[in-house]
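Just so it is clear: chains get the letters A, B, ... in the order the sequence lines come, proteins before strands, and each one is counted from 1.
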Number of protein chains: 2
Amino acid sequence: MVNSLYRENELLKITRKVEYALIALRHMQAKDPKGLTSAKEIAIHYRIPKQLLAKILQQMSRDNIVEAVQGPAGGYRIRANLGEISLKDFFERLEGPLGMMDCFFESDCIQINACNIRVPIQRINDNMREMFSKMTLMEVTQ
Amino acid sequence: MVNSLYRENELLKITRKVEYALIALRHMQAKDPKGLTSAKEIAIHYRIPKQLLAKILQQMSRDNIVEAVQGPAGGYRIRANLGEISLKDFFERLEGPLGMMDCFFESDCIQINACNIRVPIQRINDNMREMFSKMTLMEVTQ
DNA sequence: AATAAATACGATTAAAATTGTCGTATTTAA
DNA sequence: TTAAATACGACAATTTTAATCGTATTTATT
């Protein structure tokens, strides 16, 4: 969203990557779900760095969320059924595991045995993942 | 938790500050809720940088979550009723606003009018805050 | 009174993660 | 043939996070 300098909130935030992806999807959906939209158009409209946005659209293309058409007059269009993709899956496809802490995914924590909050944090993570499993991309883009 | 190098998950994560605070609270509660525990003891036990942990405990002291006693044989003890502090309040006291994006807290986003995902993200933020409002510190530290 | 061990905290530095750019290749409509 | 679009790896800049430094204060112990 191209804030002036820095973010205000630090906790449980999403990345600009996800933010730009959501903006692009919503734009495409609102404008013309069937036709093509170029990265340039979206970048200019929302003041997002074009190359960066293009990369994100390319990644979504690899993930079959959008379809890319090359050449002049090319662009992207939504390919997937957004109502069928949970926010959890979407986030994790773009950014990897979702959770408050990572000692549950990665185990190179040098004192995993001594850690005393693993179990309760695991529980919270499960709650969060469950919450985002119940919401679909459609709820953001519609 | 002193992972070897870097984190695996990028989304919706908490900071080490919060992580260390939770570890400390749980340690104090499990060990001796009435007696004093020094920052040094916790730092050594969980391999957390001592000065950093001390600062976090000091902040919790200012927030009346723990009580500090100076001098040798000094330390910290839990002061608040952990069952009465929601995780939302705890997170926000330590780190500021909680949410996926900040354009709702800060309005210096240079194109807030054009932004097309404000409303849906706001909804998700509300859901998250509600979820963490329902959980208390006790659920992590008990 | 002196000492030592603890908290208190602002300032600074270091490290890591995120965000953005560059350069080049490929595709394809006009 | 050209121009405008996607494709993408490598790199650079920026921002954020984590850790350290230095010094002051408090207070139990000797």
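Regarding A:Ile42, its CD1 atom lies at a distance of 13 Å from the P atom of D:dA5, rounded to whole Å. Regarding A:Leu52, its CG atom lies at a distance of 13 Å from the C1' atom of D:dA13, rounded to whole Å. A:Arg47 places its CZ atom 18 Å from the C1' atom of C:dT19, with the value rounded to the nearest Å. Put simply, CG on B:Leu57 is 9 Å from P on C:dA8, counting in whole angstrom units. Regarding A:Tyr20, its OH atom lies at a distance of 7 Å from the C1' atom of C:dT19, rounded to whole Å. Across the protein-nucleic acid pair, A:Lys40 atom NZ and D:dT6 atom C1' stand 14 Å apart, rounded to whole Å. Taking atom CD1 of residue A:Ile23 and atom P of nucleotide C:dT19, one finds them 12 Å apart after rounding to whole Å. For the pair A:Ile56 CD1 and C:dT21 C1', the interatomic distance rounds to 14 Å; values are reported in whole Å.
Cluster annotation: A:Met28 and A:Ile85 are assigned to the same hydrophobic cluster (Ile/Leu/Val/Met/Phe/Trp/Tyr, side-chain heavy-atom contacts under 4.5 Å, transitive). No path of Ile, Leu, Val, Met, Phe, Trp and Tyr side chains, each step under 4.5 Å between heavy atoms, connects B:Tyr46 with B:Leu36, placing them in separate hydrophobic clusters.
A salt bridge is defined here as a Lys NZ or Arg NE, NH1 or NH2 lying under 4.0 Å from an Asp or Glu carboxylate O, and B:Arg123 with B:Asp126 fails to meet this definition. Taking a cutoff of 4.0 Å between a charged side-chain nitrogen and a carboxylate oxygen, A:Lys31 and A:Glu41 qualify as a salt bridge.
Residue A:Ser61 places its side chain closer to D:dA7 than to any other of D:dA18, D:dA5, D:dA7. The nucleotide whose nearest atom lies closest to any side-chain atom of B:Gln58 is, among C:dC9, C:dA6, C:dG20, C:dC9.
Below 30°, between 30° and 60°, or above 60°: for B:His45 and B:His27 the angle between ring planes is between 30° and 60°, a tilted geometry.
Between A:Ile78 and A:Leu25 there is a side-chain heavy-atom pair separated by less than 4.5 Å. The shortest side-chain heavy-atom distance between A:Phe90 and A:Asp63 does not fall under the 4.5 Å cut-off.
The shortest distance between the side-chain N/O atoms of A:Arg62 and the OP1/OP2 oxygens of D:dC8 is below 4.0 Å.
Across all strands, A:Ala54 comes closer than 4.0 Å to no nucleic acid atom at all (heavy-atom distances).
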Checklist line | Base versus backbone protein contacts along nucleotides 25-30 of chain C [heavy-atom cut-off under 4.0 Å; B, S, -] | finding: --BBB-

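If A:Tyr76 and A:Lys55 are placed on DNA chain D by their nearest nucleotide, the residue sitting closer to the 5' end is A:Tyr76.
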